[in-house]
Amino acid sequence: MSRNISLLSGKKDDKNSLFGKIAVSPTTVTDSQLAGEYNMGVSTIHSTKSFYDFLDEDFKNRRAYVCTGSACLCRGTQDSVSNKLKEKFGAENVGEMICLGRCYENSAFHYEGKNYSGDDINKLEQIVAGKHTSPAYAMKSYSDVSFLVENEVFSSYEDFEELLKDCFSKDKSELISTLKESGLRGRGGAGFPTGMKWEFCQAQEASAKYVVCNADEGDPGAFSDRYLLEEQTLKVLFGMVACGYLIGSKQGFLYIRGEYPESIRATNRALDKLRELGLLGKDILGSGFEFDMGVVEGQGAYICGEETALIASIEGRRAEVDVRPPFPTVEGLYKKPTVVNNVESLAAVAAIFKLGGETFEKIGNGRSTGTKLISLDGYFNNPGLYEVDMAAPMDFIIDEIGGGFNEDIKAIQVGGPLGGIVPLDILRTLTLDFETFNEGGFLLGHASFVCIPRSFSAVEYAKHLFAFTAHESCGKCFPCRLGSTRGEEMLHSAIEEDQKFSEELMHDLLETMEAGSLCALGGGLPLPIKNLLEHCAEEFAPLMEK
Ligand SMILES: Cc1cc2nc3c(=O)[nH]c(=O)nc-3n(C[C@H](O)[C@H](O)[C@H](O)COP(=O)(O)O)c2cc1C
Ligand code: SF4
């Protein structure tokens, strides 16, 4: 069934995507017209629509939205933000969004297509009058060679053209070798070698292939992909064009989360300019190579960051995770070979092709190479977005880059809601790379750092993570769908109703989720919960019975 929908969706028009039409279809296009156009049942369109927060009528009718992400929660700013928004717009007009990527100063909210944070909440009059924009945040490279942040490597449309010409003049296998030599591993979480992924896809025989940029950065605490899309747009787009050229694809998609409207606008502006300059479209720079790409706007579903759910989403299916294999490089979008890469992975390609694979490979520990963006939240004295060498000592990151903390911190959740919660004394012994984090039983993920202050209840944080998963579960497997809800209920009853929960039952629940979930949402949640149970045992003890 889902295979048929994929094929029908791909047949019609791969440039706009069925999902793009469902999400932004004017009210003049009814669900049955859309279904008819794609030769599908109307229930398919209904079922897709009902999956997404942003497509819910009640959600759409709000005027302002309060961020409910982990960093804002830990900072304790959001009750006040919510009250001020309700006072201004009326309680019925204020909704919620999960992480707006403003974790460096918190107090985040969304109003009419723009995000705000920090002191912005006290400037509502000016915001409504269109006379206020958020101030810039700190961004800096701490690497001797900056691949991602500094502009001297790659910044202008002229640089884009020059580097593309250089690529066209080289043998494709030489370019793939450069990428493999760089040791670049996917920055979306799994750390799969990018050069190998492109080579697999290149080797496939198919009538069409696709390049997909995974810009769904749903991890609360991370804003590195947002930074790249807004400030280094051309690097990301170059990576996609280069990928298209090397694997033999004519079409790319950037799946950008709807919570990042500024990223969507910046990307669309750059795409228009590239088309105007003839750097996208047919016969680019007289090479005979044709490639274009479009933005697909996410509609508020975290699971769309998982690559098979993302593909399902673009196709206009419910964003449920699919079993792998087949992997997307063999059977991806519209059942055609597809490279799905994270924003940061793609952005790194431009600098690798410009500076050479060896320059990238020399940085790091040999297995985690190059530089990595890190997102530091508002509990650091120097919050912001920084580029560091892979394998940089965490002490250096905490003290020299972050400048220490402005509050007593007990642990930090690194790498999103499924990442480990690392007590500060342990974190200080690690280095920032895939290996050290894995060996320690944690995850590097997007290298986002959400600080949990001593004053914030570990039990509340565990409840927040269960609630997040319950809300974002795609629902395909019951250990995740039901387990996350049960976990939230157990902790809710313990906190609010003085009802102790069974330690054994909690561990059973976590084991079941870990063993029985298809993807890393249900399967990954037990890690931070177990970390909390272990490292903050004294906070759980009064609420648990043996
Ligand atoms: C629950 C879940 C959420 C994910 N969210 C993201 C995401 O927001 N961005 C991302 O690039 N990868 C995310 N991933 C990983 C993708 O499935 C995929 O591995 C990645 O996009 C591949 O790109 P890379 O090789 O460049 O890392 C997620 C995976 C899971 C299981
Ligand atoms: S673990 Fe959760 S999100 Fe992942 S496939 Fe199962 S139900 Fe869906």
Side-chain angles (χ1 to χ4, degrees), residues 51 98-99 101 179 184-198 200-201 211-226 228-229 236 239-240 243 253-257 259-260 263 298 301-313 318-324 327-329 332 338-349 370 372-373 415-419 434 443-448 466 468-485 487 512-527:
F51 189 89
I98 305 179
C99 199
L179 203 49
L184 173 65
R185 290 168 63 186
R187 303 309 199 216
F192 190 83
T194 306
M196 221 190 262
K197 188 183 276 192
W198 290 19
F200 284 155
C201 200
V211 182
V212 173
C213 171
N214 186 343
D216 199 47
E217 189 168 67
D219 286 354
F223 43 95
S224 42
D225 291 351
R226 174 168 96 75
L228 289 169
L229 291 165
V236 181
M240 292 194 65
C243 180
F253 292 94
L254 292 112
Y255 193 99
I256 307 181
R257 65 199 307 257
E259 291 85 345
Y260 287 176
S263 304
Y302 173 77
I303 197 57
C304 290
E306 195 284 334
E307 59 186 7
T308 62
L310 188 155
I311 286 169
S313 181
R318 282 172 78 80
E320 286 175 354
V321 173
D322 281 325
V323 177
R324 295 173 305 177
F327 288 93
T329 43
T338 301
V339 163
V340 182
N341 267 138
N342 168 253
V343 175
E344 191 175 329
S345 318
L346 288 163
V349 171
K372 177 82 197 83
L373 294 183
L418 313 174
F434 293 110
L443 280 179
L444 183 59
H446 279 203
S448 54
F466 271 122
F468 177 84
T469 305
H471 185 76
E472 301 297 345
S473 168
C474 82
K476 188 156 183 164
C477 34
F478 77 84
C480 167
R481 186 180 70 236
L482 299 182
S484 52
T485 306
T512 310
M513 288 184 74
E514 214 166 53
S517 298
L518 176 58
C519 85
L521 181 49
L525 177 73
L527 170 66

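Heavy-atom basis, side chains included; hydrogens, waters and symmetry copies ignored. As the structure lists them, so they are numbered: ligands from 1, and atoms in each ligand from 1.
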Identify, by atom number and element, the atoms of ligand 1 in contact range of [X], meaning under 4.0 Å from any of its heavy atoms.
X	value
R187	26 (O), 27 (O)
D216	8 (O)
N342	10 (C), 11 (O), 23 (O), 24 (P), 26 (O), 27 (O)
G305	3 (C), 4 (C), 5 (N), 6 (C), 7 (C), 8 (O), 12 (N), 13 (C), 14 (N), 15 (C), 16 (C), 17 (O), 28 (C)
G218	8 (O)
A520	31 (C)
E217	8 (O)
S345	24 (P), 26 (O)

Is there side-chain contact between [X] and [Y], with heavy atoms separated by less than 4.5 Å?
X	Y	result
D216	E306	no
S448	S224	no
L346	M240	yes
K372	F434	no
R324	V321	no
R257	D225	no
V236	C213	yes

Under 4.0 Å from ligand 2, counting heavy atoms only, is it the side chain of T469, its backbone, both or neither?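 Neither; no heavy atom under 4.0 Å.
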
Y302 and F468 aromatic ring geometry - parallel, tilted or perpendicular at 30°/60° bounds: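 Answer is perpendicular, since the angle exceeds 60°.
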
Please walk me through it: do E217 and V343 pass side chain to side chain contact (heavy atoms under 4.5 Å, CB included)? CA-CA 9 Å; E217 189 168 67; V343 175; over 6 Å; no

Residue, atom name and distance, where the atom is the protein heavy atom closest to [atom]:
atom	result
atom 8 (Fe) of ligand 2	C474 SG, 2.4 Å
atom 18 (C) of ligand 1	E307 OE1, 3.7 Å
atom 4 (Fe) of ligand 2	C519 SG, 2.3 Å
atom 21 (O) of ligand 1	N214 ND2, 2.9 Å
atom 6 (Fe) of ligand 2	C477 SG, 2.1 Å
atom 2 (Fe) of ligand 2	C480 SG, 2.3 Å
atom 15 (C) of ligand 1	G188 O, 3.7 Å

Could a heavy atom of H446 be found less than 4.0 Å from some atom of ligand 1?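 Contact check H446 vs ligand 1: positive.
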
Yes or no: does K197 have any heavy atom under 4.0 Å from an atom of ligand 1?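 Yes; K197 lies near enough to ligand 1 that a heavy-atom distance drops under 4.0 Å.
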
Looking at R187 and R185, would you say the former's side chain and the latter's main chain have a donor-acceptor pair under 3.5 Å?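 Yes; judged by distance alone, with no hydrogens or angles, the pair exists.
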
Give a yes or no answer on whether the side chain of E344 reaches the backbone of L373 with a donor-acceptor pair at less than 3.5 Å.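 Yes; judged by distance alone, with no hydrogens or angles, the pair exists.
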
Carefully, step by step, assess E472 and L521 under the rule side chain to side chain contact (heavy atoms under 4.5 Å, CB included). CA-CA 9 Å; E472 301 297 345; L521 181 49; 4.2 Å; yes

Counting heavy atoms only, name the option from C519, P328, G186 that's nearest to atom 24 (P) of ligand 1.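 Answer by nearest heavy atom: G186.
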
Judged on heavy-atom distance to atom 3 (C) of ligand 1, which of E344, R324, E306 sits nearest?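 It is E306 whose heavy atom sits nearest to atom 3 (C) of ligand 1.
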
[X] heavy atoms, cut-off 4.0 Å: which ligand 2 atoms fall inside?
X	value
G522	1 (S)
S517	1 (S)
K476	7 (S), 8 (Fe)
L518	1 (S), 5 (S), 6 (Fe)
V321	5 (S)
S473	2 (Fe), 7 (S)

Member of C519, C474, S517 meeting the side-chain contact (heavy atoms from CB on, under 4.5 Å) criterion with C480: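 Only one of C519, C474, S517 forms a side-chain contact (heavy atoms from CB on, under 4.5 Å) with C480, namely S517.
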
Before giving the answer on side chain to side chain contact (heavy atoms under 4.5 Å, CB included), spell out for F192 and T329 the whole-Å C-alpha distance, their side-chain angles and the decisive distance to 0.1 Å. CA-CA 12 Å; F192 190 83; T329 43; over 6 Å; no

Tell me, with the steps shown, if V340 and Y255 meet side chain to side chain contact (heavy atoms under 4.5 Å, CB included). CA-CA 10 Å; V340 182; Y255 193 99; over 6 Å; no

